Amino acid sequence: MEFFKQVDLDWMGKAKYFYAMSLALLLLGLISWMAKGGLYYGIDFKGGTLVYVRFTGPPPVDQLRAGLVKEGLGTSTITPISDIANPNSNEVMIGLEEQGQGTEALDAGKTAILGALHATLGAGEAGKQDFNAAGPGAISDALIRKDPLSLGTTAGDRYAQLSRQITAFRDKNRQGIVANLGDLAAAGATPAVIAVLRDNFYTSNFAIINVEIVGPKVGAELRRQAVYVTLYALGGMLVYIAFRFEWVYGAAAVLAVFHDVLITLGLFSIFHYEISLTVIAALLTLVGYSMNDTIVIFDRIRENSRLMRREPFHAIVNRSINQTLSRTILTSGLTFLTVLVLFVMGGQVLRAFSFALVIGIMVGTYSSFGIAAPLVVAWNHWRSEGVSIAVTGTAAGTKIRKS
């Protein structure tokens, strides 16, 4: 499929505009980076605690923020989690950077967040446990003590099974929150069992869905490994392209990809998206995608160099880009539409990941013909000038000057 036929655009004549746009984006990212004191790393890289909380209704974000500040957790972040597919998830993510060292500090961060939640949203009834935070063991112990089904010696196994059944109903059917213990009748609980549960538990309007804890040493190691992985990928591509084409092609391709990564990171700083492990995966994906598009153009340049020996090199490059233009629109356009849908509808958890892909596809596509190809043309022009100087010097009886 070809969208364009007999295209004759002078891409190399517009290379200065591509360079100017890239330079502007790089400068904006650098200014934002310096103004904000660096990139905004997620818990994966800087260490800390993430607590995912689900509510029975819309999350009281302002009340939560005021409560966390009151409890001395003003540095914590609250991120609502929702998407188009599930706009009423009623879930927030509370993040707290690690304060101090060691596992004790991490456990203290988790305890501090949970304490602030109960202090802000209410601690419930005195002497009773929060049913939405109770595990099968706590529920089973309460039932064994009262034995509402009069099971006698077989109470242990039967109540353990019933407790697992009740918690499975709560977590899967009610998304972790039971607003009324009477609803447990649908899980097989008899009125006598429900009465015992009401004597020992209360139902809160929120539940802790998940807790993630990352130590600072692990975060620093992950950050270091992420840099190494990206550099190893670029180094491997440089070696391969230098072997498959020429070293100048490999250098131009790697510089273009490095340019793509820097612009993406700069936009992450401008829009204040956090860098996490999934974002590193997205960056490596865009590195491979951009390199693939660049290789297609380079391969066509090599083919045309044999067919158009008498043509100037910049004309060969323009012809090669024009010949692959339809292919670029098909692949990049389709991929862009896919990641754009992921960005719009993927929800808060995938927002940074999909943002990296959206930016990477756009920047990686234009850098293939706007950065990598002009670099090869500039090198070829400089080398040709060197050869011309050498030939002129020989004719005049002077010493040959090598390029």
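Quick note: numbers below take in every heavy atom, side chains included, and nothing from hydrogens, waters or symmetry partners. This structure is a prediction, so every number in the text was calculated from the model and none was measured.
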Run the side-chain contact (heavy atoms from CB on, under 4.5 Å) test on L255 and L375 for me, step by step, so that the C-alpha distance in whole Å, both residues' side-chain angles and the decisive distance to 0.1 Å come before the verdict. CA-CA 9 Å; L255 285 175; L375 286 175; 4.2 Å; yes
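- Between atom CG of residue D299 and atom CD of residue E303 there is a gap of 5.0 Å, rounded to the nearest 0.5 Å.
- Note that CG of L265 and CG of L39 are 5.5 Å apart. Values are rounded to the nearest 0.5 Å.
- Separating the OH atom in Y249 from the CD1 atom in I301 is a distance of 5.5 Å, to the nearest 0.5 Å.
- Here CG of L96 is found 6.0 Å from OG1 of T49. Values are rounded to the nearest 0.5 Å.
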Might you work through the salt bridge (Lys or Arg N to Asp or Glu O under 4.0 Å) test for K128 and D199, ending with a clear yes or no? CA-CA 8 Å; K128 294 184 179 182; D199 290 338; 5.6 Å; no
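- Rounding to the nearest 0.5 Å gives a distance of 2.5 Å between OH of Y366 and OG of S22.
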Check the pair I371, Y19 against side-chain contact (heavy atoms from CB on, under 4.5 Å), reporting the backbone distance first and the verdict last. CA-CA 7 Å; I371 302 298; Y19 287 148; 3.7 Å; yes
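- A donor-acceptor contact shorter than 3.5 Å links the side chain of D10 to the backbone of G13.
- Looking only at distances, a side-chain donor or acceptor of Q63 sits under 3.5 Å from a matching main-chain atom of T120.
- Under a cut-off of 6.0 angstrom, the local environment of CG in D157 is sparse, with at most 12 non-hydrogen atoms contributed by other residues, nucleotides or ligands.
- The closest side-chain heavy-atom distance from V51 to M93 is not below 4.5 Å.
- Nearest heavy atoms, M12 versus N318: N-OD1, 3.0 Å.
- Side-chain atoms of V193 and T190, non-hydrogen and from C-beta on, do get closer than 4.5 Å to each other.
- With a 6.0 Å cutoff to the six-membered ring centre and a 45° limit on the axis angle, R174 does not count as a cation-pi contact of F169.
- Although no hydrogens or angles enter the test, the distance criterion places no donor-acceptor pair under 3.5 Å between the side chain of S290 and the main chain of L286.
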Verdict with supporting geometry, S354 and V339, side-chain contact (heavy atoms from CB on, under 4.5 Å): CA-CA 6 Å; S354 54; V339 297; 5.7 Å; no
Please determine whether ring pair (Phe, Tyr, Trp, His ring centres under 6.0 Å) holds for the pair F268 and F355, giving the CA-CA distance in whole Å, both sets of side-chain angles, and the decisive distance to 0.1 Å. CA-CA 8 Å; F268 261 74; F355 179 76; 5.3 Å; yes
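- Between W11 and F18, the ring planes are parallel. Angles under 30° get that label, and only those over 60° would be called perpendicular.
- Counting only heavy atoms from C-beta outward, the side chains of R145 and N200 approach each other to under 4.5 Å.
- Between T264 and L267, the closest side-chain pair of non-hydrogen atoms is not below 4.5 Å.
- F298 and A252 get closest at one heavy-atom pair: CZ-CB, 4.4 Å.
- Of all non-hydrogen atoms in L162 and G188, the two that sit nearest each other are CD1-O, 4.1 Å.
- Contact check for D260 versus V287: no side-chain heavy atoms found under the 4.5 Å cut-off.
- The backbone N or O of T331 lies less than 3.5 Å from a partner atom in the side chain of T335, making a donor-acceptor pair.
- Listed for the Q165 side chain is a donor-acceptor partner under 3.5 Å among the backbone atoms of A187.
- Salt-bridge annotation for D8 and R319: absent, with no side-chain N of the basic residue lying under 4.0 Å from a carboxylate O of the acidic one.
- Using modelled atom types and a 3.5 Å distance limit, the side chains of D130 and S204 yield a donor-acceptor pair.
- Listed for the T324 side chain is a donor-acceptor partner under 3.5 Å among the backbone atoms of I321.
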What verdict does the side-chain contact (heavy atoms from CB on, under 4.5 Å) test give for R300 and I297, after you've listed the backbone C-alpha separation in whole Å, the side-chain angles of each residue and the deciding distance to 0.1 Å? CA-CA 5 Å; R300 185 58 61 92; I297 294 176; 5.8 Å; no
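- Checked by atom type and distance alone, the side chain of R170 pairs as donor or acceptor with a backbone atom of F131 at under 3.5 Å.
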Any chance you could lay out the side chain to side chain donor-acceptor pair (under 3.5 Å) test for N90 and Q175, step after step, and finish with the verdict? CA-CA 11 Å; N90 298 328; Q175 296 184 325; over 6 Å; no
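- The aromatic rings of W379 and W382 sit tilted relative to each other, their planes meeting at an angle between 30° and 60°.
- Residues T294 and A253 share a closest heavy-atom pair of CG2-CB, 4.0 Å.
- Across all their heavy atoms, V279 and E274 have their closest contact at CG2-O, 3.6 Å.
- Side chain of R351 to main chain of F343: a donor-acceptor pair is present (N/O by atom type, distance under 3.5 Å, no hydrogens or angles).
- Listed for the S332 side chain is no donor-acceptor partner under 3.5 Å among the backbone atoms of I329.
- Note on ring orientation: taking the six-membered ring where Trp is involved, the planes of H272 and Y40 are parallel (angle under 30°, cut-offs 30° and 60°).
- Here the side chains of I144 and S140 are in contact, with some heavy-atom distance below 4.5 Å.
- Under a 3.5 Å cut-off, the side chain of H259 and the backbone N or O of A256 do form a donor-acceptor pair.
- Annotation for F258: atom CZ does not count as buried by contact number, only 12 or fewer foreign heavy atoms lying within 6.0 Å.
- For the atom pair OG1 of T365 and OH of Y289, the computed distance is 5.0 Å after rounding to the nearest 0.5 Å.
- Across every non-hydrogen atom of F313 and S305, the tightest pair is CE1-OG, 4.3 Å.
- Contact of the E91 side chain with the P59 side chain is not registered, since no non-hydrogen atoms from C-beta on lie closer than 4.5 Å.
- For the side-chain contact (heavy atoms from CB on, under 4.5 Å) test with V53, the passing option among L64, L121, I94, I209 is I94; the others fail.
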Step by step, work out the side chain to side chain donor-acceptor pair (under 3.5 Å) result for Y159 and D147. CA-CA 9 Å; Y159 287 131; D147 192 13; 2.6 Å; yes
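- Counting heavy-atom neighbours within 6.0 Å of K36 NZ, excluding the residue itself, gives a total above 12.
- Between V296 and R327, some side-chain heavy-atom pair lies under the 4.5 Å cut-off.
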